[in-house]
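Just so you know, these numbers come straight off a predicted model, no measurement behind them. Only this structure's heavy atoms are used, side chains among them; waters, hydrogens and symmetry mates stay out. Sequence lines set the chain letters: A, B, ... in the order given, protein chains first and strands last, and positions in each chain run from 1.
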4 protein chains.
Amino acid sequence: MQKRIEVLDKGFVELEDVFGGDGIAIKTARISYMSRSDPEGDKKLVKTLMMNGHESPFEHIVFTFYVKAPIFVARQWFRHRIGSFSERSGRFTEFEEEFYVPDKTRAGEKVESMRTAMHNAFETYKSLLKSGIKREVARMVLPMSLYTQWYWTVNARSLMNFLNLRTDKHAQYEIREYAMAIAKFFSESCPLTYDAFVRYAYKGNVLEV
Amino acid sequence: MQKRIEVLDKGFVELEDVFGGDGIAIKTARISYMSRSDPEGDKKLVKTLMMNGHESPFEHIVFTFYVKAPIFVARQWFRHRIGSFSERSGRFTEFEEEFYVPDKTRAGEKVESMRTAMHNAFETYKSLLKSGIKREVARMVLPMSLYTQWYWTVNARSLMNFLNLRTDKHAQYEIREYAMAIAKFFSESCPLTYDAFVRYAYKGNVLEV
Amino acid sequence: MQKRIEVLDKGFVELEDVFGGDGIAIKTARISYMSRSDPEGDKKLVKTLMMNGHESPFEHIVFTFYVKAPIFVARQWFRHRIGSFSERSGRFTEFEEEFYVPDKTRAGEKVESMRTAMHNAFETYKSLLKSGIKREVARMVLPMSLYTQWYWTVNARSLMNFLNLRTDKHAQYEIREYAMAIAKFFSESCPLTYDAFVRYAYKGNVLEV
Amino acid sequence: MQKRIEVLDKGFVELEDVFGGDGIAIKTARISYMSRSDPEGDKKLVKTLMMNGHESPFEHIVFTFYVKAPIFVARQWFRHRIGSFSERSGRFTEFEEEFYVPDKTRAGEKVESMRTAMHNAFETYKSLLKSGIKREVARMVLPMSLYTQWYWTVNARSLMNFLNLRTDKHAQYEIREYAMAIAKFFSESCPLTYDAFVRYAYKGNVLEV
């Protein structure tokens with residue numbers, strides 16, 4: 001399995017680790033019935049759980065991702081409350097000049113104008129730091145296109161909710177690109193669950209089996 | 001009770017509504033023992049709950065606040081996952097030129113330099129919108145000092161956790177100012193609970209009874 | 001509005017209080033767009049939110065219920081984790097002889113046999129207490145049909161999830177009866193939200209507009 | 001590491017799997033500072049996090065346990081909402097005659113009296129099933145000492161809250177025995193975290209380093 005997927009101009013999603021996979025969802029679902037696993041029945045079971053909205057067995061599958069993304073993407077992402085975030089601090093670290101600069105399809109002829117504005121903001125940031133202003137104050141001038149990074153630990157049920165909202169044409173393009181990377185890692189590590197999700201429970205309009 | 005507390009240069013906290021108060025915490029705590037309320041015993045009960053870390057009765061007290069604060073403050077605030085947020089959207093609305101500009105105690109001689117940087121960013125934002133760039137793209141150049149606004153519904157237990165972390169000298173000055181406003185509304189609407197919290201369960205180093 | 005609905009042979013649901021109602025959902029949803037309320041638009045807004053799965057504004061509506069129900073119903077109910085429970089304690093209080101005895105439609109000719117079994121268990125409980133055994137030990141012989149009581153504070157989003165699962169023919173009859181009472185209080189206190197929920201977002205097969 | 005710990009007369013806790021361990025807490029905590037791991041600093045970091053109540057890095061450590069315990073213990077356990085439960089169903093499976101019978105230290109001379117009461121209840125259960133009553137109805141006569149089983153997936157932060165409340169002399173003896181088994185698995189799989197927890201953050205009065 002690929003470990004890192006590049007996203008946007010300087011970002012990425014890395015799968016740090018996955019815990020359980022299809023197997024643990026099947027095992028924990030079967031305890032309701034005290035029944036044993038068999039390959040044929042397992043596939044059917046996952047389908048049935050997904051169709052009937054019995055999503056709690058999927059909570060036992062847990063992922064940790066390492067993400068690098070612009071702050072406006074982080075803002076949308078962190079609204080998903082069921083999961084754990086550990087993020088780089090703008091109080092304890094100094095930022096590098098790493099901004100997301102949208103390309104022509106997004107910013108048309110204004111790409112350079114945006115790049116310049118971001119660069120100017122960064123120059124101010126540097127000069128503030130140089131004159132002894134605290135990092136936590138200086139960063140206030142930095143734009144929302146600044147790249148940040150974080151760890152995200154999330155169970156498969158909450159991840160599916162994330163995909164329902166973020167792999168959808170109504171989601172902003174930039175977070176959708178990240179969500180597509182998350183979906184790819186999900187499909188590779190939990191093929192049965194992913195397939196049943198997209199067929200029977202998915203509410204978005206982008207993913208396909 | 002005062003309904004709005006001004007915070008920083010252009011922000012505020014409004015208490016939209018409070019649900020229950022001291023009474024509901026006492027009532028729900030007493031169900032464990034099937035005992036009846038009496039004024040003397042109530043105060044002692046709240047103290048005992050707080051000292052022993054039995055915080056679940058305080059979950060039945062619920063607040064809704066309306067907050068206007070800079071985005072870097074919102075970023076810290078939204079990390080508190082137990083609670084509900086509804087925020088103004090930068091995709092569906094156009095921002096006004098409203099930035100938090102720190103004063104001399106924070107930015108020394110650099111106040112004007114910061115104000116100028118923010119103004120320049122806003123000029124770019126306006127020119128991007130004028131040339132037809134989408135709001136969701138144009139806002140990427142806006143700095144984290146931009147004011148946003150949101151509703152926050154939170155129970156008293158989660159609110160006390162917020163105060164533990166944010167009314168503390170280790171918290172950044174700006175969010176601490178907001179947290180002080182939250183504490184004031186809390187103390188006025190739930191005097192018994194607030195008093196017991198600060199005396200027996202508070203982990204910060206700023207609040208006093 | 002009716003304050004108490006009787007459920008099963010000795011149970012009930014009481015609406016202790018409701019916070020916000022349709023109005024707060026509309027108000028908090030409108031902040032995204034910074035738009036103002038108008039009666040015609042409000043109804044349409046609630047419908048749109050519900051159809052598109054934008055359920056966070058409904059988190060600002062909060063209910064507190066007081067419930068008396070058998071322990072096997074409580075066990076199913078408490079699985080709904082987003083919400084606050086304060087329950088009578090079997091360690092700190094002594095139970096009365098109050099059991100749910102299913103009627104003929106559930107227990108056929110065995111009604112009396114069940115009643116006798118429950119009564120015998122209660123006789124043992126009393127004799128254990130009399131001989132000085134602790135309440136927390138003596139209650140181990142009591143059956144799951146024993147009535148208990150609790151406060152439940154829950155927001156409307158979580159309440160709708162509860163209704164999706166519990167007002168459904170697959171739910172056990174007894175908890176379904178309680179869920180019908182919850183639905184009735186919900187419909188009376190939030191008519192717009194309830195109507196939109198049942199029309200556009202409800203996954204069960206029992207409720208009707 | 002031992003995989004199963006026997007608890008009470010017929011119960012147990014099994015560690016199904018653990019995700020991350022001390023290493024992931026250290027790694028995710030270090031992202032705040034963008035600093036690198038070193039053995040000496042790691043131990044100090046864990047101590048500092050624990051002393052200052054910075055518990056979010058510990059959310060990235062995840063455990064799955066398999067537990068067999070009486071229903072009255074399950075009732076206390078399931079009150080811990082941050083975590084995932086998948087439990088055997090009394091609607092879809094038929095129970096065996098497996099009850100927790102407290103020993104003399106708990107029930108004195110009444111041990112046999114309790115055993116008989118439980119056996120009689122089980123005889124009624126069997127006769128109800130035999131006459132065609134549904135499992136979901138018949139089980140209403142079964143006492144709370146009945147053994148059930150479930151999977152529990154929980155992060156280390158929530159697990160520490162569980163230990164704060166359940167490895168304490170105020171907790172009921174039976175759940176405390178289970179909590180001691182959980183603590184043992186925790187100490188063996190995350191020695192640094194466990195040691196710092198007991199020294200600097202533990203609120204109970206039973207665990208020792």
Side-chain angles (χ1 to χ4, degrees), chain C residues 70-76 78-87 89-91 99-102 105-111 113-118 120-125 127-146 148 170-175, chain D residues 70-76 78-87 89-91 99-102 105-111 113-118 120-125 127-146 148 170-175:
Chain C
I71 282 178
F72 69 90
V73 169
R75 293 248 297 146
Q76 296 172 343
F78 284 50
R79 299 299 299 274
H80 295 263
R81 288 160 294 180
I82 300 181
S84 301
F85 296 91
S86 293
E87 189 189 357
S89 164
R91 301 180 69 199
F99 298 106
Y100 167 60
V101 184
T105 62
R106 295 287 279 159
E109 294 169 16
K110 290 292 190 174
V111 171
S113 158
M114 292 186 76
R115 190 191 313 274
T116 304
M118 295 171 194
N120 290 344
F122 196 78
E123 290 295 310
T124 305
Y125 175 66
S127 97
L128 290 167
L129 290 179
K130 208 171 174 184
S131 73
I133 303 297
K134 283 184 179 174
R135 284 185 297 254
E136 70 183 29
V137 174
R139 55 114 172 236
M140 296 174 196
V141 303
L142 290 173
M144 290 180 244
S145 56
L146 184 74
T148 181
H170 289 93
Q172 185 166 342
Y173 163 77
E174 283 80 10
I175 196 167
Chain D
I71 281 177
F72 70 89
V73 169
R75 293 249 295 146
Q76 297 172 343
F78 283 50
R79 300 298 299 275
H80 295 264
R81 289 160 293 180
I82 301 181
S84 301
F85 296 91
S86 292
E87 190 189 357
S89 164
R91 301 180 70 198
F99 297 107
Y100 166 60
V101 184
T105 62
R106 295 287 279 160
E109 294 169 15
K110 290 293 191 174
V111 171
S113 159
M114 292 186 75
R115 191 192 311 275
T116 303
M118 295 172 195
N120 290 344
F122 197 77
E123 290 295 310
T124 305
Y125 175 65
S127 96
L128 290 167
L129 290 179
K130 208 170 172 183
S131 73
I133 304 298
K134 282 184 180 176
R135 283 184 298 252
E136 70 184 29
V137 174
R139 55 113 174 237
M140 296 175 196
V141 302
L142 290 174
M144 290 181 247
S145 56
L146 184 73
T148 181
H170 288 94
Q172 185 166 342
Y173 163 76
E174 283 80 10
I175 196 168

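- Looking at C:Arg79, only its side chain comes within 4.5 Å of chain D, counting heavy atoms on both sides.
- Of the two parts of C:Ser84, the backbone and the side chain both hold a non-hydrogen atom closer than 4.5 Å to a non-hydrogen atom of chain D.
- Listed for the C:Gln172 side chain is a donor-acceptor partner under 3.5 Å among the backbone atoms of D:Glu136.
- The line from CE of C:Met140 to NZ of C:Lys134 is 10.0 Å long, rounded to the nearest 0.5 Å.
- Heavy atoms closer than 4.5 Å to chain D are found in both the backbone and the side chain of C:Phe85.
- There is no contact between C:Glu109 and chain D, counting heavy-atom distances below 4.5 Å.
- Heavy-atom distances place both the backbone and the side chain of C:Leu142 under 4.5 Å from chain D.
- The nearest pair of heavy atoms linking C:Ile133 to D:Ala107 is CD1-O, 3.3 Å.
- In terms of heavy-atom proximity, D:Pro102 sits nearest to D:Met118 at CD-CE, 4.3 Å.
- Looking at every heavy atom in both residues, D:Tyr100 comes nearest to D:Pro70 through CB-CG, 3.5 Å.
- Within the 4.5 angstrom heavy-atom criterion, no atom of C:Ile82 approaches chain D.
- Contact of C:Arg91 with chain D is made through the side chain alone, with heavy-atom distances under 4.5 Å.
- Atom CZ of C:Phe78 is separated from atom CD of C:Glu87 by 4.0 Å, given to the nearest 0.5 angstrom.
- Expressed to the nearest 0.5 Å, how far OG1 of D:Thr148 lies from CD1 of D:Ile71 amounts to 5.5 Å.
- Using a 4.5 Å cut-off between heavy atoms, C:Ser127 contacts chain D through both its backbone and its side chain.
- With contacts defined as side-chain heavy-atom distances shorter than 4.5 Å, the pair C:Leu146/C:Arg139 does not qualify.
- For D:Glu174, the part lying under 4.5 angstrom from a heavy atom of chain C is the side chain only.
- Between chain C and the residues D:Thr116, D:Val141, D:Val101, the most heavy-atom pairs under 4.5 angstrom are made by D:Val141.
- Ranked by heavy-atom pairs under 4.5 Å with chain C, the list D:Gly132, D:Ser131, D:Ala138, D:Gly90 is led by D:Ser131.
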